[in-house]
Amino acid sequence: MPIINRIAEFHADMTEWRRHIHENPETAFEEFKTSEFVAGKLKEFGIEVHRDIAGTGVVGVLHGEGGPTGRAIGLRADMDALNMEEANSFAHASKVPGKMHGCGHDGHTTMLLGAARYLAETRNFAGTVNFIFQPAEEGAGGGRRMVEEGLFTRFPCDMVFGMHNWPDLPPGQIVVKEGPIMAGADQFEIKVAGKGGHAALPHHTIDPIVIAAHIITATQTVVSRNISPIESGVISITQVHAGSAYNVIPEEVILRGTVRALSHEVRELLEKRLRHIVETVPVTFGSTATINYRRGYPPTVNHGGAPHELATQVARKVAGEDNVLNNVGPSMGAEDFAFMLQERPGSYVWVGQGGSELGCLLHNPRYDFNDDIMPLGTSYWATLVETALPKAA
Ligand SMILES: [Zn+2]
Ligand SMILES: [Zn+2]
């Protein structure tokens, strides 16, 4: 029984919901219409709705047949779109200039709504399921804010689960992984101080461009020389700003970039080494630099044990043994479900959606969520609840 028949029956309804959300994208903490839509659907299904968490966040609470048992799990979907212009011209393309569902969160929201509808109809489980619809996954930390505003104290969950569509995998496949699956992501800005002057008289200046070049080069040694070759990390300098003329040495250079790591230890080390380089390299040129290092999302680390075994068992049940992969490497992208996994044991899976060969990549202006995978993703959620919270035999 891979796909649940009842869920397949409302595939057309889900496609309509998904395209409605896609047409009306809203970004970080401004998911007003989207959360209204989600809350409306949950109420329609007879589910208890809470809307006063993390601004536009919504939590639906549903008990199984016999009412609460003290056991509960959380299923999480993200609702936000991206600040980017959609290049698609199909009927359900974004109606909002400069905003687009380019990461498939329209599909994630819809699949969780589909599971809520099925589970409210059937209630074939014992305990409580919390449907968590979070705002602002794309960089603004809606998941962190939900946790800070008491998500797991107000809605206790023994375990929490997440899902993301994955264009690099064909439809029908699911990746279940123990350990790190997405990287931690931090940002930094470095200001290199110099002494500006005439480009023909460099000996009267301190050239911050030369110092910046040495900083850029030195940072390349951190990943290659300071962390174990078995571990992974990234330091990318992505912006260099300086200068205004051919014949003027500027006063200052600004460098910006990002740091990624799959473990807390590597993340700490990368930050420490980067700070050290910024503090020491300019000294050798008689100058100084400062760094503003901002911690972003931590690494998303799936727990082993019960949540991993559950996710694996359920994925195999709905997708078939051969379609469940556990040997795919992690992604250096980041995900704020990480904050929920820091609080509760759980597992985050990738569901294949295909299309990468056609340029349908996450955050690409031609991306679109593949509606064909909704019965599988929704069946995964529903089966996960029935398996994690079984009725007494
Ligand atoms: Zn994204
Ligand atoms: Zn995403």
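Ligands are counted one by one from 1 in listed order, and the atoms in each one are counted from 1 as well.
The atom name of the N/O/S atom in Glu138 closest to the Zn ion (ligand 1) is OE2. The atom of His363 nearest to the Zn ion (ligand 1) is NE2, with the search restricted to N, O or S atoms.
Glu271 and Arg267 are not joined by a salt bridge, as no carboxylate oxygen comes within less than 4.0 angstrom of a charged side-chain nitrogen.
Of the listed residues (Arg19, His92, Gln353), just one forms a side chain to side chain contact (heavy atoms under 4.5 Å, CB included) with Asp368, and that residue is His92.
Listed by chain and number, the residues in a side chain to side chain donor-acceptor pair (under 3.5 Å) with Ser356 are Asp168 (sequence neighbours excluded).
With a 6.0 Å cutoff to the six-membered ring centre and a 45° limit on the axis angle, Arg117 counts as a cation-pi contact of Phe10.
Rounded to 10°, the angle formed at the Zn ion (ligand 2) by His105 NE2 and Cys103 SG is 110°.
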